[in-house]
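See structure below.
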Amino acid sequence: MKKKAIVCRCEDISLEDVEKAIDEGYTDIEELRKKLRIGMGPCQGRVCIQLVMKILEKKTGKEVGKINLPSSRPPIIPVCLGSIASDKNEK
Amino acid sequence: MKSKADVVIIGGGISGCGLAYNLARRGVDVLVFEKNYLTSGATGACGAGIRQQWSTYENAELAIASVKIFEKLSNELGEDIEFRQGGYLVAIHDRKEMKQAIKNVEMQRTLGLQVEILDSEGINDIVPILDVKGMKAIGATFCPTDGHANPFKTTFAYANAAKRFGANIYTHTKVTSIKKDKKRITGVITDKGSVKTEIVVNAAGIWSKDIAEIVGVNTPNIPIRKEIIATERFKPMFEAMVISFKDGIYFSQQKEGQIIGGIPSPEQKPGYKTIPTISFMQHMASTLIRYAPVLKHINLLRHWTGFYDVTPDSRPILGETKNLKGFIHCHGFSGHGFMISPMVSKLLSDFIVDGKTSEVLNNLNIDRFKDKKIEHEMSTVG
Ligand SMILES: Cc1cc2nc3c(=O)[nH]c(=O)nc-3n(C[C@H](O)[C@H](O)[C@H](O)COP(=O)(O)OP(=O)(O)OC[C@H]3O[C@@H](n4cnc5c(N)ncnc54)[C@H](O)[C@@H]3O)c2cc1C
């Protein structure tokens, strides 16, 4: 039996999931991301986005360099709400 | 690209895709142009909360009718849109707000909505983690059938179903001009070619103002930057969306466990800038913790911006322009275009196909701004 290859560990998305979504017509990296939530977990795509771009290039023939990278959102590294709020209170 | 169509829709957000579906299923040859990708506008940035508790009749009516559609939409479209009804708890902070709440609830009940007024203890029965003192609440209204859906999945599901009915959706195609003769629309020009059509729907979100300008129509909309956060996931603790008109905050825990929420940012300005601000993050975090102290241990993961397309009365602009046949408005949704989209797209498709209009459609025509007195929606957040 073939083992499942995980592409996005935050959201538990496999290679199969990505390929299936591309086959369904989600050939835009942003649409793919929004469909599968790739890059929306704690790592914000640092682990998976490059892989997804490669898969997209292979399947669609679109050059990776021509695809815009999705944006990473602040605070980039998870920060607890208490610390963010405390900064304000101490003013 | 096709050279003609019955209807051309500008914008591939929830409004454009919802309308494309409703038209295509009725046999209309419809075409959508989206300059970027589907959900690249406000739809992809939104909280996707679904609330029926409004102060004006039109918003309440549209939301109530939309919930009835949302309840069956996954089935109808053949894809799960993750619609979930955990209710909306609207905090009441003082006697003035209580008076308005009583008035709102009375109106909402005449429309058949199940909604109740809770005292301060009742709040914790619905959302145990709330600190009623900290949030300075004297009560709340609660509607159990309010809820949430996944904005990406809903838009994609509408688009996929529209395509199955023959709609053509062109992404990465920007509308650059609109052709008309004296009194009617004749075509649309994009950066990839042009199409002949007699009907154009302006569903371009905050860019709808520019689209209207092309044909010489002035709209009073203003784009306002909004910020919103998502936390890490944790075990389910509450189902309702908690909101306050006074503090402007809204937050809820999604099915997967993360909290999504927003609040007006201290540096909020009109314009098209999309950079998130530190002051928002601090204001959001401290208000959220004041409402629910246990959340101080939760990590903030992401913080992004989007735009409200705001009208002077916080109600959408819908329907045809009187002196330009075939130019149809579908914008100005302010902070609540997602939740009313099912009914909005149904009403507009009934108008386009059957020429049928309704009280809501008439009341939300752009002509209303010519009158000096417009009724303002009181129940807004974010
Ligand atoms: C932070 C935030 C939170 C929100 N929370 C909620 C909520 O909880 N509940 C709710 O109901 N609503 C909410 N909203 C509001 C909601 O997101 C919007 O009202 C709704 O998504 C509007 O959808 P739309 O399709 O009309 O516009 P948009 O989604 O903005 O779509 C317009 C599209 O038109 C395209 N376009 C523009 N110009 C052109 C052109 N020239 N050619 C081709 N295409 C063009 C754009 O690229 C865009 O994709 C929120 C909004 C924000 C920003």
Side-chain angles (χ1 to χ4, degrees), chain A residues 8-13 17-18 20-49 52-53 56 60 62-63 66-91, chain B residues 12 34 36-40 43-45 79 150-153 155-157 159-160 163 169 171-172 227-233 251 254 256 258-259 261 266 274-305:
Chain A
C8 163
R9 278 185 279 167
C10 299
E11 302 287 335
D12 199 21
I13 301 293
D17 297 329
V18 177
K20 185 164 166 269
I22 295 173
D23 288 339
E24 283 169 12
Y26 296 89
T27 54
D28 187 298
I29 184 78
E30 284 286 359
E31 284 177 11
L32 203 53
R33 171 170 163 253
K34 284 173 164 139
K35 160 106 178 145
L36 299 175
R37 305 191 62 86
I38 283 177
M40 292 194 189
C43 96
Q44 291 218 45
R46 279 191 294 270
V47 176
C48 58
I49 285 294
V52 176
M53 305 269 273
L56 201 56
T60 65
K62 267 195 226 168
E63 253 178 78
K66 296 215 169 111
I67 308 172
N68 279 337
L69 267 177
S71 38
S72 298
R73 310 292 193 185
I76 310 290
I77 295 166
V79 183
C80 82
L81 290 166
S83 326
I84 299 170
S86 67
D87 195 40
K88 193 180 175 190
N89 295 339
E90 276 162 19
K91 248 198 259 175
Chain B
E34 164 53 53
N36 217 328
Y37 56 92
L38 299 184
T39 74
S40 58
T43 303
E79 285 180 46
N150 181 317
F152 312 124
K153 293 202 171 161
T155 310
F156 295 153
N160 293 338
K163 284 188 216 159
I169 300 182
T171 56
H172 301 284
E227 303 183 52
I228 178 168
I229 59 157
T231 69
E232 67 183 325
R233 293 174 183 180
F251 63 95
Q254 313 279 294
E256 301 89 356
Q258 71 272 35
I259 285 191
T274 57
I275 298 162
T277 61
I278 302 273
S279 58
F280 164 84
M281 207 160 27
Q282 291 176 335
H283 183 45
M284 181 68 203
S286 56
T287 313
L288 190 54
I289 291 172
R290 177 157 70 75
Y291 272 60
V294 297
L295 297 180
K296 65 172 177 271
H297 306 293
I298 299 298
N299 280 321
L300 174 70
L301 278 198
R302 296 184 296 128
H303 164 196
W304 67 96
T305 57

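Values below: every heavy atom of this structure, side chains too, minus hydrogens, waters and symmetry copies. Just so you know, these numbers come straight off a predicted model, no measurement behind them. First the proteins, then the strands, lettered A, B, ... as listed; each starts at 1.
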Q. Which residues from residues 41-49 of chain A are near chain B, with near meaning under 4.5 Å between non-hydrogen atoms?
A. A/Gly41, A/Pro42, A/Gln44
Interface moiety of [X] toward chain A, non-hydrogen atoms closer than 4.5 Å:
| X | answer |
| --- | --- |
| B/Thr171 | side chain |
| B/His303 | both |
| B/Asn160 | side chain |

Q. Taking only residues two or more places apart in sequence, or in another chain, which ones meet B/Arg233 in a salt bridge (Lys or Arg N to Asp or Glu O under 4.0 Å)?
A.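 In terms of salt bridge (Lys or Arg N to Asp or Glu O under 4.0 Å), with neighbours along the sequence ignored, B/Arg233 is linked to A/Glu11.
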Q) Which residue out of B/Glu256, B/His172, B/Arg290, B/Glu232 racks up the most heavy-atom pairs below 4.5 Å with chain A? A) B/His172
Any chance you could measure [X], atom [atom1], to [Y], atom [atom2], to the nearest 0.5 Å?
| X | Y | atom1 | atom2 | result |
| --- | --- | --- | --- | --- |
| B/Thr39 | A/Arg33 | OG1 | CZ | 9.5 Å |
| A/Cys80 | B/Ile289 | SG | CD1 | 7.5 Å |
| B/Leu300 | A/Arg73 | CG | CZ | 12.5 Å |
| B/Gln282 | A/Ser83 | CD | OG | 11.5 Å |
| A/Met40 | B/Gln258 | CE | CD | 10.0 Å |
| A/Asp28 | B/Asn36 | CG | CG | 7.5 Å |

Which atom pair, heavy atoms only, marks the closest approach of [X] to [Y]?
| X | Y | answer |
| --- | --- | --- |
| A/Pro74 | B/Pro276 | CG-CG, 3.7 Å |
| A/Pro78 | B/Leu301 | CG-CD2, 3.4 Å |
| A/Lys34 | B/Gly44 | CE-O, 4.2 Å |
| A/Leu81 | B/Thr231 | CD1-CG2, 4.2 Å |

Q. Above 12 or not: heavy atoms from other molecules or residues under 6.0 Å from CD1 of A/Ile77?
A. no
Q: Please confirm whether the backbone N or O of B/Tyr37 pairs with a side-chain atom of A/Glu31, one donor and one acceptor, at under 3.5 Å?
A: no
